[in-house]
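None of these values were measured; they are calculated from a predicted model. Proteins get letters first, then strands, A, B, ... in listed order; numbering begins at 1 in each.
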Amino acid sequence: MMPKILVTADPLDPPALVAALTGTDPDDGAVASFVGQVRAEPGLQTLELEHYPGVTETALAELRELAMSRWSLSQAIIHHRVGRMAVGETIVVVAASAPHRRAALEAVGFLIDRLKTEAPFWKRVHTAGGSHWVTARDSDAAASQYWRDQIAQEDA
Amino acid sequence: MMPKILVTADPLDPPALVAALTGTDPDDGAVASFVGQVRAEPGLQTLELEHYPGVTETALAELRELAMSRWSLSQAIIHHRVGRMAVGETIVVVAASAPHRRAALEAVGFLIDRLKTEAPFWKRVHTAGGSHWVTARDSDAAASQYWRDQIAQEDA
Amino acid sequence: MHVHIRYMAALRDRLGEGETTLDLPPDVSDSETLIAHLTASDAAAAALAAPEIRLIRNDRIVTRPSALEDGDRLAFCPPFTGG
Amino acid sequence: MHVHIRYMAALRDRLGEGETTLDLPPDVSDSETLIAHLTASDAAAAALAAPEIRLIRNDRIVTRPSALEDGDRLAFCPPFTGG
């Protein structure tokens with residue numbers, strides 16, 4: 001059984017998430033997914049993800065519930081890795097299934113945009129000479145705010 | 001070797017496409033995918049996809065090239081099934097990888113929206129009592145036109 | 001000139017034939033005059049004039065009106081419904 | 001009252017300690033007066049006042065200013081950078 005929310009130090013398996021949502025519900029016409037993975041950058045040897053156990057899982061579950069209700073999804077899965085990982089390894093996988101494509105695609109975009117700024121994860125880059133914390137990007141904050149505004153408009 | 005464009009009467013393998021793009025290029029931070037599958041509807045026994053061999057593949061390849069250049073993708077794959085298929089079976093899989101998430105997500109949305117109206121496929125529903133052709137949906141035409149307008153604006 | 005014509009999907013059912021080769025009179029010069037010519041012998045062919053009907057000419061999707069040449073292979077297509 | 005404080009990620013490095021338990025004077029009543037109190041003994045704690053610093057209180061992400069109660073477990077967080 002594929003857990004809906006998973007925060008783990010073990011390697012993630014993106015194809016397994018897609019497999020879990022594909023061909024499983026006769027009312028689904030669409031399955032969308034997103035994989036975030038460690039990108040090479042000068043000096044990077046490993047990327048480390050710190051988090052706040054317990055709070056992280058709750059934050060992801062709340063984002064998932066919001067997506068499930070807003071887009072009438074059939075299923076949604078969020079798996080996020082923590083600890084150290086190498087270039088090319090998967091940091092996060094988000095997948096959603098729905099009757100129609102726009103719901104599945106938008107929900108996946110929403111989940112990845114929001115979890116970047118609303119779940120307590122912190123990235124640290126380890127190099128040969130030491131390590132540094134990754135600073136938040138303005139573009140990530142803007143993407144997250146976009147969804148906050150969208151939802152506020154609908155609730156208004 | 002995973003073909004970039006595939007039109008086939010054999011079952012598709014969505015997880016294999018995601019696997020092919022994940023962890024393969026150190027410059028990629030993102031892999032997005034979309035799976036379209038046969039949705040149950042009253043009376044539907046099988047869904048049949050007719051196409052125009054040769055022209056279909058060219059149309060998909062042109063859409064792929066457009067997406068590759070517009071979003072600076074690393075890779076993009078489009079697999080589409082033809083012939084008869086049952087509820088839950090995969091009709092189409094689109095996957096794209098890129099350095100950043102917005103490129104991968106938008107390119108997948110573009111490809112699925114555009115291929116619905118710009119590649120010569122026709123759906124036919126087979127029921128116990130006969131068959132009928134699926135008529136084009138206004139919402140699909142609107143989604144396709146959205147991207148046409150976007151590209152026209154950028155070229156202007 | 002001679003052209004080879006195919007009707008795809010729902011148009012094939014509607015026009016009652018999958019493909020045909022025609023010898024065209026000299027006043028047929030493009031896709032639209034061809035449709036008028038076809039409609040003269042089969043009223044059902046008027047459906048081809050609808051703007052949503054697409055044309056594939058010699059294995060390329062072309063915009064209408066499209067000029068025609070001797071030996072062209074044409075396919076009239078209802079709106080595409082893939083994906 | 002007593003509160004237990006953690007500093008997460010870059011804040012832990014900056015403030016030189018991971019966690020601490022403090023006995024607070026009566027004029028500390030919420031997250032912002034707590035930050036002022038911390039800054040009085042360590043100027044580096046002024047960084048906590050920046051609006052982008054998030055607060056987790058008793059395992060819930062809360063908005064600032066947040067009232068405090070005896071026994072609270074607090075975590076000051078730099079902006080999240082997951083995904």
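Ranked by heavy-atom pairs under 4.5 Å with chain D, the first of A/Ala141, A/Gly54, A/Ala59, A/Pro120 is A/Pro120. Residue with the most contacts toward chain D among A/Arg137, A/Glu118, A/Arg124: A/Glu118 (heavy-atom pairs, distance under 4.5 Å). In terms of non-hydrogen atom pairs under 4.5 Å with chain D, the most contact-rich of A/Ala136, A/Ala119, A/Gly36, A/Pro53 is A/Ala119. Residue with the most contacts toward chain A among D/Cys77, D/Ala75, D/Pro78: D/Pro78 (heavy-atom pairs, distance under 4.5 Å). Per-residue counts of heavy-atom pairs under 4.5 Å with chain A were compared for D/Gly82, D/Pro79, D/Ala10; the largest is that of D/Gly82.
Atom CZ of residue D/Phe80 and atom OG1 of residue A/Thr56 lie 8.5 Å apart, to the nearest 0.5 angstrom. We find the CZ-OG1 distance between D/Arg54 and A/Thr117 to be 6.5 Å, quoted to the nearest 0.5 Å. To the nearest 0.5 angstrom, A/Glu50 atom CD is 9.5 Å from D/Thr81 atom OG1.
More than 12 heavy atoms of other residues, nucleotides or ligands shown are found within 6.0 angstrom of CG on D/Asp70. Taking a 6.0 Å sphere around CD of D/Glu69, one finds it holds 12 or fewer heavy atoms contributed by other residues, nucleotides or ligands.
Judged by distance alone, with hydrogens and angles left aside, the side-chain atoms of A/Trp122 form no donor-acceptor pair with the main-chain N or O of D/Met8 at under 3.5 Å.
Neither the backbone nor the side chain of A/Glu48 has a heavy atom closer than 4.5 Å to any heavy atom of chain D. Looking at D/Arg14, there are no atoms closer than 4.5 Å to chain A (heavy atoms on both sides), in backbone or side chain. Neither the backbone nor the side chain of A/His132 comes within contact range of chain D, judged by heavy atoms closer than 4.5 Å.
Side chains of D/Asp59 and A/Tyr52 form a contact here, defined as non-hydrogen atoms less than 4.5 Å apart.
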